[in-house]
Chemist: 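One structure follows; several queries about it will come next.
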There are 2 protein chains.
Amino acid sequence: MAGSGSNGGSAGRPRSEEAHQAILDATVELLAEVGFSALTVEGVAQRAGVGKATIYRRWPSKLPLVVEAFGGLPRLEEVDMGDVASDLKAMLRSYLQIFNTTPLATILPSLAGERAHNDALSELFDPVLKGRRRPLTVALERGVERGELPAGLDLELAADLVVGPIAVKLFFTGGKLSPRMVGPMVDMALAGLAKS
Amino acid sequence: MAGSGSNGGSAGRPRSEEAHQAILDATVELLAEVGFSALTVEGVAQRAGVGKATIYRRWPSKLPLVVEAFGGLPRLEEVDMGDVASDLKAMLRSYLQIFNTTPLATILPSLAGERAHNDALSELFDPVLKGRRRPLTVALERGVERGELPAGLDLELAADLVVGPIAVKLFFTGGKLSPRMVGPMVDMALAGLAKS
DNA sequence: ACATTACGATACTATACGTTCCGTTATTGA
DNA sequence: TCAATAACGGAACGTATAGTATCGTAATGT
């Protein structure tokens, strides 16, 4: 039932890797249930079946704890199938799959909402969020290289346009994020609304 | 220094309309500064220069107070200039203007983030948020009638696509929401990313 | 004038946070 | 095998702040 990490040679009971993971799992669960600001170390300890001291021994406060817990959630995976439309669809489809099988769909709005008025969180998360967008702009850039997309394309704006509908549904209409919506979504972003 | 409302004929000191507005203003300010969950009635009372009892006399809890305060913020205004592109651009430009001159840009993410794990708030706000989208779908529908947009267009998805980039910037990249970005944004949504 | 109601301020009570301490347990090294 | 060491879960501590109740004062209508 105990941990198995090597203490680097020093004596004493080693830190339990089980407890570590249980704490991170409990943090993710509670983030989804009550959100960032209502999350307390005491609640995490109870959920994880762990003493509060065990948490404070590893993280000085809830902010870095939340950051590490969030970092354990899955992210967008790069795909290269030969054309932009297929790449974007495949990437977003598997991403929406993640939304339906992990608490990410609840945690993301909570942290994004907190970011707006919590500078410390903002500074920690902005780079993380920026990194999570990368696979998207990479796919678009590849589309430009292939000649599928125009040369002068604003990649940032294009990325925002592609995932925009997901963000709107996620934050506002709060509706079902089915992978089936990806097809029409990407097609519309690529072709535009206007009559051709 | 006193209020001026008519008490409906009943005797006694009338409720101060000044205090009422000061409370709503303070609520908006604090929503922007600390967010929904960290907002306290005590904090609102202090900011408004008002006793706590004065607040509890009017609102049973902070939720309806927040709802009413949010309801006082400006919304999207309908515009009809003759073509979809102009309508959308004018509407979104003035909306972004609002984002830069009111705390809306901070409050919206905070409430949207809370909505994800606060069912009571969700039930109250989902209709409000849906109503705020209306002018957008109306403008798009008019575009279909005019023949500028295809007949079978999915209006909801189209609306999500148009405002998507704003939502993404608002929640994630948190960057400058200049009215100047509206032109390229709407053009890209209408024409699509792909080479024509 | 007098009754009535709202006002700002403050005292009160209960809850719940973060922190620290404690006896126990697991591991290392002699 | 047995001390030394460090992490463990649980519990106790002090503090802060929520919401409520109460106070004397101010502003109305009769």
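Only a predicted model underlies this, so the values are computations on that prediction, with no experimental measurement involved. Chain identifiers are assigned alphabetically (A, B, ...) following the order of the sequence lines, protein sequences preceding nucleic acid strands; residue numbering begins at 1 within each chain. Side chains included, hydrogens not; waters and symmetry mates left out as well; all remaining heavy atoms used.
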Chemist: Which whole-number value in Å describes the distance from A:R13 CZ to C:dG23 C1'?
Modeler: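 From A:R13 CZ to C:dG23 C1': 12 Å.
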Chemist: Is it the case that the side chain of B:D80 and the backbone of B:G82 share a donor-acceptor pair, with hydrogens and angles ignored and the cut-off at 3.5 Å?
Modeler: yes
Chemist: Figure out the CG/C1' separation between A:L39 and C:dA16, and round it to whole Å.
Modeler: 14 Å
Chemist: Quick one: B:L30 CG to D:dA18 C1', roughly how many Å, whole number?
Modeler: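 Nearest whole value for this atom pair: 16 Å.
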Chemist: Does a side-chain N or O from A:Y56 land closer than 4.0 Å to OP1 or OP2 of C:dT20, or not?
Modeler: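 Checking A:Y56 against C:dT20: no side-chain N or O falls below 4.0 Å of OP1 or OP2.
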Chemist: What is the distance, to the nearest angstrom, from the CZ atom on B:R57 to the P atom on D:dT20?
Modeler: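 B:R57 atom CZ is separated from D:dT20 atom P by 13 Å.
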Chemist: Check this one for me: any side-chain N or O of B:R15 less than 4.0 Å away from OP1 or OP2 of C:dA6?
Modeler: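 So the side-chain polar atoms of B:R15 do come within 4.0 Å of the phosphate oxygens OP1 or OP2 of C:dA6, strictly under.
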Chemist: OP1, OP2 of D:dA7 versus side-chain N and O of A:T54: anything below 4.0 Å?
Modeler: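 So the side-chain polar atoms of A:T54 never come under 4.0 Å of the phosphate oxygens OP1 or OP2 of D:dA7.
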Chemist: Less than 4.0 angstrom from a charged side-chain N to a carboxylate O is my criterion; do A:R146 and A:D83 meet it?
Modeler: no
Chemist: Could you tell me whether the side chain of A:E33 reaches within less than 4.5 Å of the side chain of A:R47, counting heavy atoms only?
Modeler: yes
Chemist: In terms of hydrophobic clusters joined by side-chain contacts under 4.5 Å, are B:L155 and B:I166 together?
Modeler: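 Yes, one cluster joins them.
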Chemist: To the nearest Å, how far apart are A:E18 CD and C:dT25 P?
Modeler: 17 Å
Chemist: Over 60° means perpendicular and under 30° means parallel, so tell me whether B:F125 and B:F70 are parallel, tilted or perpendicular.
Modeler: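 B:F125 and B:F70: perpendicular rings.
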Chemist: Where the side chain of B:K52 is defined as all heavy atoms beyond and including C-beta, which of D:dA26, C:dT10, D:dG10 is the nearest nucleotide?
Modeler: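 When the side chain of B:K52 is considered, C:dT10 is the closest of D:dA26, C:dT10, D:dG10.
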Chemist: Figure out the CD/P separation between A:Q46 and C:dG18, and round it to whole Å.
Modeler: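 In whole Å, C:dG18 P and A:Q46 CD are 12 Å from each other.
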Chemist: Which part of the nucleic acid, if any, lies within reach of A:A45 when heavy atoms closer than 4.0 Å are counted: base, sugar-phosphate only, or nothing?
Modeler: nothing
Chemist: Side chain of A:E42: nearest nucleotide among C:dT27, D:dA27, C:dG18?
Modeler: C:dG18
Chemist: Could you state the CZ-P distance from B:R47 to C:dA9, rounded to the nearest angstrom?
Modeler: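 Interatomic distance, CZ of B:R47 to P of C:dA9: 15 Å.
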Chemist: Round to the nearest Å and state the distance from A:I55 atom CD1 to D:dA7 atom P.
Modeler: 15 Å
